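Please read these numbers as outputs of a predicted model, since none were measured by experiment. Chain letters run A, B, ... following the sequence lines, proteins first, then strands; residues in each count from 1. Scope of the values below: all heavy atoms of this structure, side chains included, with no hydrogens, waters or symmetry mates.
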Protein chains: 2
Amino acid sequence: MTNDQLMVKAAWLYHVEGITQAQIAERMLLTRRKVNELLSAALDQGVVKISFNSPLAETVEQAAKLRARFALDDAIIVPTPADAGQIATVIGRATALFLDTYLRGAGPAALGVGWGATLRETVNHMTALNAPAIKVRSMMGGLTRGSEINTFEIVRRFAKVLNAECHYLAAPIYADDPASRDTIIAQTAFKTLLGEAASVDVSLLSVGDVSTQSLQVRYGLPAGTDGAALRAAGAVGDLLGRYLDRDGQEIDHRLNRQVIAPELRDYRRIRTRVIASGGRHKRDVLGACLKAGLATILITDADTASWLLGDLPSSPPSVNMEDARAAQSQAIDGHQA
Amino acid sequence: MTNDQLMVKAAWLYHVEGITQAQIAERMLLTRRKVNELLSAALDQGVVKISFNSPLAETVEQAAKLRARFALDDAIIVPTPADAGQIATVIGRATALFLDTYLRGAGPAALGVGWGATLRETVNHMTALNAPAIKVRSMMGGLTRGSEINTFEIVRRFAKVLNAECHYLAAPIYADDPASRDTIIAQTAFKTLLGEAASVDVSLLSVGDVSTQSLQVRYGLPAGTDGAALRAAGAVGDLLGRYLDRDGQEIDHRLNRQVIAPELRDYRRIRTRVIASGGRHKRDVLGACLKAGLATILITDADTASWLLGDLPSSPPSVNMEDARAAQSQAIDGHQA
DNA sequence: TGAGCTAAGTTACAAATGTTACTGCGTTGT
DNA sequence: ACAACGCAGTAACATTTGTAACTTAGCTCA
């Protein structure tokens, strides 16, 4: 029996029939240890999924406010996890649930996807759906330097889970200079691919920030550009590889003329534009995107939602993540007293 | 905060953020005991749900064979639980998952439902869906003597979870005698209700058997009729309150002229006819229904599926459930040696 | 051939979980 | 007002779970 099958069977016995891991080990002729491994593997590989039927009242309220304030079609807010490292996971899961129902219902012709930790978690937790009619399109090129989060891998996995075909945008995100960018995108092949990317019915993207936290800043920027330069030019983060200022306008920086991705103008024509991101350092750029109306559906966490609604003061860009985390866990500890 | 909200919040912290029950208790200012209670309540009230992404290979194979053999549109097979008491739960859950996706996809105009332990579990595990356009219809009258599984309750809950309206078939399943049955169904009100019941797009029923296990045999039969008489007349069980022989034909018994439910002839016109039932004592009647083409979609357990496919010998009607159960658990225990 | 290495199993233990028994407080009814 | 009842909280316990340390078998490469 394949490993996948073992996971499903063990998970069935455990979660549905409710017998102990020791008993499962006996029945399946495995060690208890192995069963334990299988069960956690099943959980984080998304073979078994845990989903919620009723949403949390608090987040529903925030979602309604966000919808009204930024003219969104929908907003989904998940509670901010105490452990900042879990934000991508949690938002990713919520996004997966959203997409699951959305794709089943609307059945769009084409889905454009970006990349990032959040989208990786999303595809991890999607339910398999036989929808060969859906076209999956990559909306941005890949990182050229190695990274644990691979653009192509994400697109491929989306296609696989939907049993659909996919097109990669087989190019780096940034050309070496504006002139070569123009040459590249003038190629028939790229024109087609960019055209396809811009003509999807639904796009699923996350945003990047300009801190050193950002994978894109660390690995994705071409030689001669760094995060500091972008910040100096007024950037608060990027969408589709294009760096934006606080108002969601593209900054005047050479990098934005090197990017190989659809124009924001074309991007705006996409009917359903999902942006899924959260966490403290993504605040500013999320705010910028919303201000500029770049999203029609927002998926984020409760703290970020509060901030977007103006409940919290704007954070200075120099905020230290360690301090922030310490402050947060203190608040939680304080609760106990 | 309402109890439901507490459950959702605790479940979120536990299943998504992955913190311990003790920590949740601290954060939510509850006792660990309370948290523990909330979590299991959340699980069996269906506030959180565990679902599987990939099906078990073995059952998929059986399902394909059943589809071919009985000209079904679909078949869903779940592993037979070791504990016979769990059969309704397990099949019910599978049915809920099926209905969830089915209703989201096809969006039928009207759903007819029956009653029984399996359907109660089904509605327990359905995902809430805002589908006010769906009409929920009761397809059979209610038991007149008290029972823990109430017909009206089930219809109402289906309607509630779909946020839809429902019509009850406000009548007993059986009239006192054939003559009064005819009088009753001649009433305009009942004509309308029976017509509605027979004109749904999807019906969801389970079957009854003729053993003393059967709730219907124990509580639902009118005075003057008992299980033994039905068995003597060749009945192997009932669908829609109508008792059938091994070939799925209505037996010639007075009871079948007392029943207040759609005619099988009309029932057959329903496009999608789901039958969800399993367990050893339902074998014969399931076989009868399939032979007569009364189902288009079957949801049952693996052992029953095997039997239906002819892999197992027909069981004598006098089989003792206690023995069967003992034999089964012995088989499992034997595994360990 | 044998030393060393890897992978899997076994054992053992610490943490987390589920349950039971007990305690005390409030509430109800006489 | 007082007794009886019951419910929620507390603490303690047994079970289950997750993990780490250790062992063994099989294999590779010198």
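One interatomic measurement links the two molecules: NE2 of A:His15 to C1' of D:dT17, which rounds to 13 Å at whole-angstrom precision. Summarising the geometry, the separation between NZ on B:Lys34 and P on D:dC7 is reported as 12 Å, rounded to the nearest angstrom. What separates CG of A:Leu39 from P of D:dT16 is a distance of 15 Å, to the nearest Å. At whole-Å resolution of the value, CG in A:Asp44 and C1' in D:dG18 are 14 Å apart. A straight line from CD of A:Gln21 to P of D:dT17 spans 4 Å, rounded to a whole angstrom. Taking atom CD of residue A:Glu37 and atom P of nucleotide C:dA7, one finds them 13 Å apart after rounding to whole Å. Here C:dA16 presents its P atom at 12 Å from CD1 of B:Ile24, a figure rounded to the nearest Å. Summarising the geometry, the separation between CG on B:Leu6 and P on D:dA8 is reported as 13 Å, rounded to the nearest angstrom.
In this structure a side-chain-to-backbone donor-acceptor pair under 3.5 Å is present from B:Ser277 to B:Val207.
The side chain of B:Asn36 has C:dG18 as its nearest neighbour among D:dT17, C:dG18, D:dT10. Picking from C:dA21, D:dA20, C:dT17 the nucleotide with the shortest atom distance to the side chain of B:Arg33 gives C:dA21.
Contact of A:Arg32 with C:dG9 (side chain to base): no donor-acceptor pair of N or O atoms is detected under 3.5 Å.
Here B:Lys160 does not pair with B:Glu153 in a salt bridge; the nearest charged N to carboxylate O distance is not below 4.0 Å. B:Arg280 and B:Asp209 are not joined by a salt bridge, as no carboxylate oxygen comes within less than 4.0 angstrom of a charged side-chain nitrogen.
Between A:Tyr14 and the phosphate of D:dT17, there is a side-chain N or O to OP1/OP2 separation shorter than 4.0 Å.
With hydrogens and angles left out, the side-chain atoms of A:Thr304 and A:Asp301 include a donor and acceptor closer than 3.5 Å.
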